[in-house]
Amino acid sequence: MLQVVWFKRDLRWHDHAPLARAARTGPVLALYVDEPDVEGSSDRSQQHRGFVDECLEELDVALRARGNRLVRMAGHMPDVLEHLFALSSGFTLWSHEETGNAVTFARDRRVARWCRDRGIAWNEVPQHGVVRGLRDRDGWAVRWDARMSEPQIAVPDAIARWRTDDTLQRALSTAPSEARATVHPDKAERQRGGRARGVALLESFLADRMTDYRAGMSSPVTGAEACSRLSAHFAYGSVSIREAAQAAWLRRSELLQPGARRDASILLQALKAFESRLHWHCHFMQKLETEPEIEWRNMHRGHDGLRVEGAHPDRLGAWCEGRTGYPMVDACMRMLATTGWLNFRMRAMVTSFASYHLWLHWRDSGLHLAREFLDYEPGIHWSQCQMQSGTTGINTLRIYNPVKQAIDHDPDGHFVRRWVPELSRVSTPGLFEPWKLSPSDQRSAGCVIGRDYPMPIVDPATAVREARERMWSVRKNPAAADEALAVFRRHGSRNPSREAGTVRRRGTARKTSKGTFQQDLDFGEPPLQGG
DNA sequence: AGTGCAGTTGACTTT
DNA sequence: TAAAGTCAACTGCAC
């Protein structure tokens, strides 16, 4: 019987269990579907499609080398399945489990219903460390280690083809809607997709590039080279988390051999940081798997109504376009618009800035970032948006100071001047707070603040203080502590050894002397996006 | 040599 | 993955 392998965010052939198992069972139709509701989703942009296209091209080549091919169709998934059903005498559907957004979750439920109605078996196989059907985090870390330790799935040498697939391609393939292409166009300077590039990044990172990982990842100047840059490949599955984890373990054992290179200890530290990010990658995705509502609803409901969706459209627009009047923030937003990438610390800073300084709802800033991040991964993204906005209730408020971040991570101002050329002739101490420049300094730098570069759109002296007061008014509410405990049970990390830093009390739920909930329960290193 | 003192550093607390 | 503040210990130096 026909085996339909449905590719989604798993655009690879190596370590692909559904493909391997289907190939052992019968003739295979390798299918990718351009779905109008997925493509039209408000978190989707043209650059995502571009990266996917590049992955699919390579996937097709790899399948042809094994006697098969990729069939790409367009339409709503139940309609596509109905066509396949009419053309075949029934089939088995294979795919990886997906932890997606509300649109793909609803689509999956429609697919499941269609399969049930038609008597079609749908075999969904887990990929990476996300566990379906969990209600809390007890035992999660052990299961992650077990998943990552399982052998990688070998590519079948030959994948038998279904005779009718040519007919099908002609009958069903239509050009997918390009309606959004002009609204959120592709980025010429974004990272390119395809498994070959992903594998090359993994190899170059583990071989040598990771020397600069820990020292270079936090700065926007060095981050683009120092970071692994695998995040988009993980998001679209052109490289599996498991193959990355096992490659890292192999590299570690090499570096532990006697006579390893002189800088082995630096590389081992980098490896440890990298492995820990692979863990956190799944840890954050698991939050959305366990509670899909966190895509649009506050994780800690005590924060409902604190910020209003759609409020301050002028501030949102200025933030999106990089004209807030805060040079470090604007430089980051402009780099992101051009390249589709920003290192982790700067992502945290711009998100924090939108939520605290500008008091924007994380849904509004988060949707823009979802389209801007080439490596957008829903589970990581919405967890991070909420964490950087203080709405999880279980993390310390992390309100970033864009001036301090600039001084710490762009001390010479190269990054700011590159992306905010209006300020290119301003010298460093004043560069990060141009609203403080004297009229004569502005004149000599050829940049009048308020004319050539904006005045800050919110008052630097009061914006953060007001935000902090609003946040603490929620946290002081006694009911907030109970809700925070419930959030921790659902989502908090249980593994104290995973928690970075060992000085403070971490990883256990307890009340502080003042009766507020112990902060920082879920403290962790950043997941891989931007790291 | 020991003391006083301004300035620095680091651990820890508060928001 | 924060930032700002407190406080005690420490340092270098003048006397």
Side-chain angles (χ1 to χ4, degrees), chain A residues 213-220 222-223 226-227 231 272-274 276-281 283-284 287 303 306 326 328-329 332 342-357 362 365-366 369 373 380-410 432-433 460-477 480-481 484 492-493 498-507 510-531:
Chain A
Y213 191 49
R214 276 160 58 92
M217 73 165 85
S218 286
S219 161
T222 51
C227 292
S231 54
K272 195 175 167 201
F274 178 67
S276 130
R277 277 162 181 75
L278 295 177
H279 169 92
W280 287 107
H281 182 102
H283 172 86
F284 282 94
K287 294 174 196 263
H303 298 79
L306 196 58
Y326 289 73
M328 192 62 171
V329 172
C332 286
L342 208 53
N343 65 323
F344 180 81
R345 177 175 285 273
M346 295 303 119
R347 294 183 194 211
M349 183 192 70
V350 299
T351 305
S352 157
F353 183 85
S355 295
Y356 295 113
H357 289 73
W362 54 265
S365 52
L369 293 177
F373 293 154
I380 295 173
H381 184 72
W382 295 113
S383 303
Q384 284 295 321
C385 283
Q386 294 223 33
M387 194 178 300
Q388 303 297 352
S389 305
T391 56
T392 69
I394 62 172
N395 305 97
T396 306
L397 295 186
R398 292 182 205 287
I399 305 176
Y400 286 72
N401 179 341
V403 178
K404 180 178 182 295
Q405 290 298 316
I407 292 168
D408 290 349
H409 301 289
D410 183 29
F432 306 133
E433 304 174 89
T462 59
V464 167
R465 185 169 50 76
E466 285 171 10
R468 199 186 299 281
E469 284 165 6
R470 285 164 164 163
M471 295 306 294
W472 277 99
S473 72
V474 170
R475 297 201 170 203
K476 269 184 288 193
N477 180 349
S493 169
R498 296 282 191 189
E499 313 290 308
T502 54
V503 183
R504 302 280 298 275
R505 300 163 294 178
R506 276 176 182 145
R510 70 185 83 172
K511 303 248 181 167
T512 65
S513 55
K514 294 180 84 176
T516 54
F517 194 69
Q518 168 66 38
Q519 301 301 308
D520 238 9
L521 294 169
D522 201 22
F523 176 97
E525 291 169 70
L528 209 66
Q529 314 308 90

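In what follows, every chain begins at residue 1, and chains take the letters A, B, ... in the order their sequences are listed. Computed from a predicted structure; not experimentally measured.
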| query | How long is the gap from OG on A/S352 to CG on A/L397, to the nearest 0.5 Å? | reply | 9.5 Å
| Nucleotide C/dA3, atom C1' - distance to NE2 of A/H357 in whole Å | 11 Å
| Between C/dA4, C/dA2, C/dT1, which nucleotide has the shortest distance from any of its atoms to the side chain of A/A348? | C/dT1
| task | Check the distance between C/dA3's C1' and A/F353's CZ and give it to me in whole angstrom. | result | 16 Å
| Does A/N401 put a side-chain nitrogen or oxygen below 4.0 Å from OP1 or OP2 of C/dA4? | yes
Would you tabulate the nitrogen or oxygen pairs shorter than 3.5 Å linking the protein to nucleotides 8-10 of chain B?
none

| Per the atom types in the model, does the base of C/dT1 pair as donor or acceptor with the side chain of A/Q388 at under 3.5 Å? | yes
| query | What's the spacing between A/Y400 OH and A/M346 CE if we round to 0.5 Å? | reply | 8.5 Å
| field | Separation between CZ of A/F353 and NE2 of A/H357, rounded to the nearest 0.5 Å | value | 5.5 Å
| field | Atom-to-atom span, CG of A/N343 to P of C/dT1 - whole angstrom | value | 13 Å
| said: Rounded at 0.5 Å granularity, tell me how far OH in A/Y356 sits from CZ in A/R470. | reply: 12.5 Å
| field | CZ on A/R345 to SG on A/C332, rounded to 0.5 Å | value | 11.5 Å
| task | Report the C-alpha separation of A/R277 and A/M217 in whole Å, then their side-chain angles, then the decisive distance to 0.1 Å, and conclude whether the side chain to side chain contact (heavy atoms under 4.5 Å, CB included) test is met. | result | CA-CA 13 Å; A/R277 277 162 181 75; A/M217 73 165 85; 3.3 Å; yes
| task | Mind grabbing the angle between the end helix axes of the helix from B/dG2-C/dC15 to B/dT15-C/dA2? Five pairs an end, 10° rounding. | result | 0°
| field | Mutual orientation of the aromatic rings belonging to A/W280 and A/H283 [parallel < 30°, tilted 30-60°, perpendicular > 60°] | value | perpendicular
| query | A/Y213 has an atom OH; how far is it from atom C1' of C/dT1, in whole Å? | reply | 13 Å
| message | In this structure, how many angstroms lie between the C1' atom of C/dT1 and the NE2 atom of A/H281, rounded? | response | 18 Å
| query | Sequence neighbours excluded, which residues qualify as ring pair (Phe, Tyr, Trp, His ring centres under 6.0 Å) partners of A/F373? | reply | A/H381
| Distance (rounded to the nearest 0.5 Å) between A/Q384 CD and A/K287 NZ | 8.5 Å
| If only side-chain N and O atoms of A/Q405 are considered, is one of them under 4.0 Å from the OP1 or OP2 phosphate oxygen of C/dA3? | yes
| query | Atom CZ of A/R345 and atom C1' of C/dA3: how far apart are they, to the nearest Å? | reply | 12 Å
| Quick one: A/Q384 CD to C/dT1 C1', roughly how many Å, whole number? | 8 Å
| Within the modelled atom types, does a donor on one side and an acceptor on the other bring the side chain of A/R468 and the base of B/dT15 under 3.5 Å apart? | yes
| task | Calculate the interatomic distance between A/H409 atom NE2 and C/dT1 atom P; express it in whole Å. | result | 10 Å
